[in-house]
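Written out below as structure tokens is the structure these notes cover.
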Protein chains: 2
Amino acid sequence: MNEPRSSTRLSIRHIRSFVAVARHRSLTRAAESLFVTQSALSLTIQHLEDDLGVLLFDRSTRRLDLTQAGEEFMPSAQRLLHDFDSSIRDMRALGNRERGKVGVAAVPSVMALLLPEVVAAYIEAFPDIDVYLREDNSEAVQQRIIEGDVDFGICSPWEPDAELIFEPLFEDSFGVVFAHHHPLATSADDLSWKEIDGYRIIGFSPDLGMQHQLSHTAGLSENVREPRYQVSNTSTIETLLTRGAGVSVMSALAAQRPPLDRLGLRLLTKPVLTRTVGIVRRKGKSLSPAASTMLQHILGTVAQLGRFPGVRILDNVAATSRGKT
Amino acid sequence: MNEPRSSTRLSIRHIRSFVAVARHRSLTRAAESLFVTQSALSLTIQHLEDDLGVLLFDRSTRRLDLTQAGEEFMPSAQRLLHDFDSSIRDMRALGNRERGKVGVAAVPSVMALLLPEVVAAYIEAFPDIDVYLREDNSEAVQQRIIEGDVDFGICSPWEPDAELIFEPLFEDSFGVVFAHHHPLATSADDLSWKEIDGYRIIGFSPDLGMQHQLSHTAGLSENVREPRYQVSNTSTIETLLTRGAGVSVMSALAAQRPPLDRLGLRLLTKPVLTRTVGIVRRKGKSLSPAASTMLQHILGTVAQLGRFPGVRILDNVAATSRGKT
DNA sequence: GCTTATTACGTCAATCGTAAATATC
DNA sequence: GATATTTACGATTGACGTAATAAGC
């Protein structure tokens with residue numbers, strides 16, 4: 001006359017044992033398949049029967065068969081076991097980075113200069129993880145992070161937000177790019193901003209972060225801040241420069257990646273103008289395993305950017321990830 | 001780099017804990033609802049996260065939120081928990097006789113004389129258990145049991161079968177039934193079979209067990225073994241006897257139950273002819289909880305049959321049931 | 001300072017394995 | 001008498017609670 005409320009004592013172990021015995025129709029063989037002794041399994045089945053108040057098996061030394069109640073329990077038990085195991089398996093697969101998805105939002109320059117090779121390496125390492133990339137300006141990138149649209153973003157700091165944290169990756173300085181037959185190609189030394197005033201400037205459209213920054217930096221000459229020629233992609237720039245249409249001011253990183261890496265570059269100093277690029281993610285929100293490994297790949301790739309003149313890697317590129325492994 | 005094969009360590013307890021924490025969004029409150037301490041729950045969650053290799057919650061002292069992985073796990077976990085609990089609950093309901101079904105096959109006399117009041121009491125005690133009754137001759141009753149059509153049967157032993165076991169309930173002897181205005185009504189003493197030879201016998205049709213037995217008993221007079229008047233139900237008999245059409249030979253039990261109990265009865269001895277009635281069920285096959293309680297009710301009712309003259313209760317009416325309670 | 005989660009550790013119960021007993025064929 | 005299940009019992013493991021520690025507000 002006891003009144004057991006909820007099954008605290010019963011666990012998946014009992015279900016697993018029941019199903020094994022029902023399948024093997026033998027305690028001995030079921031015990032082998034479960035890697036326990038017959039006695040342990042016998043007790044487990046007895047406990048299950050006690051708790052349910054129902055005899056599950058009719059057993060003699062020679063025969064073991066399901067009772068009517070056991071037959072009735074079998075389908076639920078099998079389904080329970082299967083669902084449990086596959087749920088656990090799914091979650092573990094997620095933990096082992098064998099499954100999952102990661103979304104990254106980035107500003108155009110990063111999307112073009114950094115992410116292609118990161119993602120290429122990533123999908124090779126984790127072919128079963130879906131990768132979503134979103135290209136946006138810094139403001140929209142931050143918005144996507146806040147809304148949970150992506151796991152993290154890569155951009156320049158735009159407006160501080162209480163919900164977000166910014167972790168710098170590298171600083172990119174500016175330089176001038178020109179064709180090899182251009183007069184500037186006679187030297188590789190750094191230039192001052194004054195020295196390029198006389199050349200025709202081919203600029204980027206202002207929705208690109210680096211052009212935006214140039215436009216808002218006091219002290220630069222008008223044709224750098226508001227160039228009369230504005231294009232929006234690097235291959236167009238490359239064509240124009242190669243034909244001698246002018247020179248272009250851009251970040252050192254952009255200048256040294258295809259297709260512009262075949263042109264000449266001289267860094268602009270006096271003053272050194274830098275543009276910080278970093279990771280933005282939600283405060284207090286840990287990264288998913290997939291996102292965590294993606295971040296690791298990004299950090300690894302960024303670390304190799306230090307070889308480019310004008311690009312300075314910031315030194316907090318070690319302890320940025322969370323999660324396991 | 002460990003390789004956990006199947007989730008042996010993880011149990012429903014972990015799932016239950018996870019769901020509770022996710023719902024309460026607090027270890028403390030979840031722990032209360034689970035009637036454990038925070039520390040125990042904290043460890044449980046950690047073990048779950050360790051085994052899955054995935055962080056399930058982002059927790060600081062002030063906030064606790066599901067990670068992306070946790071969000072993803074939540075639906076499966078809830079379903080797992082619900083399915084587990086309801087499966088267990090179902091089985092326990094079966095064990096508590098709150099659910100189930102029981103099928104009984106019986107020969108006509110038992111079906112008419114014994115089962116009505118047994119079943120009436122049974123459905124009052126267990127209103128949610130379905131009861132199936134099947135009326136058949138002894139041979140067919142045995143067949144139904146072998147085929148698993150019913151849980152057990154009640155009949156006279158027909159042919160021994162290796163698959164079946166027979167447990168006697170009571171012995172029924174024979175008597176002669178007559179109207180109160182009949183000459184036999186002048187005494188209540190036992191009669192010898194010889195003494196009724198002169199009366200016109202109203203018999204039962206031979207498909208009834210007791211008539212069958214009379215027909216195959218050597219030494220009885222012809223008009224008892226093969227009566228010229230054969231009817232198949234007791235109410236017809238009662239009408240005929242009341243009108244003085246004759247007398248009827250039948251089992252003492254049948255004679256003392258409605259509608260024949262208002263007529264006269266004298267037992268036939270010299271010799272005493274008995275008819276054993278008992279339970280037939282499959283060897284080595286335990287009864288379902290519902291069937292077990294049904295059997296208990298039958299035994300209880302049978303025990304009260306002892307008050308009828310000519311009915312002798314056999315003494316193995318105590319330790320016949322299996323299962324709990 | 002108050003609340004909440006984690007860590008440390010002793011206790012207790014559940015599970016398991018070895019081995020003996022029991023039952024069935 | 002051989003095979004399979006159950007029972008008995010000691011050992012190991014795991015879960016729990018108390019209490020101390022750490023971390024956010």
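Bear in mind that the values here come from a model prediction, so they are computed numbers and not experimental data. As a basis for the values below, the full set of heavy atoms in this structure was taken, side chains included, without hydrogen atoms, waters or symmetry mates.
- A:Ile12 places its CD1 atom 14 Å from the P atom of C:dT15, with the value rounded to the nearest Å.
- Listed for the A:His24 side chain is a donor-acceptor partner under 3.5 Å among the backbone atoms of A:Ala20.
- One interatomic measurement links the two molecules: CZ of A:Arg59 to P of C:dC25, which rounds to 15 Å at whole-angstrom precision.
- Taking the side chain of A:Ser39 as heavy atoms from C-beta on, and the options D:dT5, D:dG17, C:dA19, the nearest nucleotide is C:dA19.
- No side-chain N or O of A:Gln296 forms a donor-acceptor pair with one of A:Ser292 less than 3.5 Å apart.
- Rounded to whole Å, atom P of D:dT6 lies 12 Å from atom CG of A:Asp50.
- Checked for salt-bridge contact, A:Asp83 and B:Arg79 meet the test: a charged N lies under 4.0 Å from a carboxylate O.
- Ion pairing between A:Arg134 and A:Asp149 fails under the 4.0 Å rule for side-chain N and carboxylate O.
- The phosphate of C:dA5 has neither OP1 nor OP2 within less than 4.0 Å of any side-chain N or O from B:Arg25.
- Between the P atom of D:dG14 and the CZ atom of B:Arg9 lies a distance of 9 Å, rounded to the nearest Å.
- Remark: C1' of C:dT6 and CD of B:Gln46 are 7 Å apart, rounded to the nearest angstrom.
- Side-chain proximity of B:Thr37 to D:dG17, C:dT18, D:dT5: nearest is D:dG17.
- Straight-line distance from the CD1 atom of A:Ile45 to the P atom of D:dT7: 14 Å, rounded to whole Å.
- For B:Thr28, a side-chain nitrogen or oxygen approaches OP1 or OP2 of C:dA5 to under 4.0 Å.
- Taking atom CD on A:Gln38 and atom P on C:dG17, their separation rounds to 10 Å, with Å as the unit.
- Side-chain contact annotation: A:Arg13 with B:Ser11, donor-acceptor N/O pair under 3.5 Å absent.
- For the pair A:Leu43 and B:Arg13, nearest-nucleotide mapping onto DNA chain D gives the more 5' position to A:Leu43.
- Following rounding to the nearest Å, B:Phe57 (CZ) and C:dT6 (P) show an atom-to-atom distance of 10 Å.
- A sub-4.0 Å separation between OP1 or OP2 of D:dG14 and a side-chain N or O of B:Thr44 is absent.
- Comparing D:dT5, D:dA15, C:dT6 against the side chain of B:Ser42 picks out C:dT6 as the nearest.
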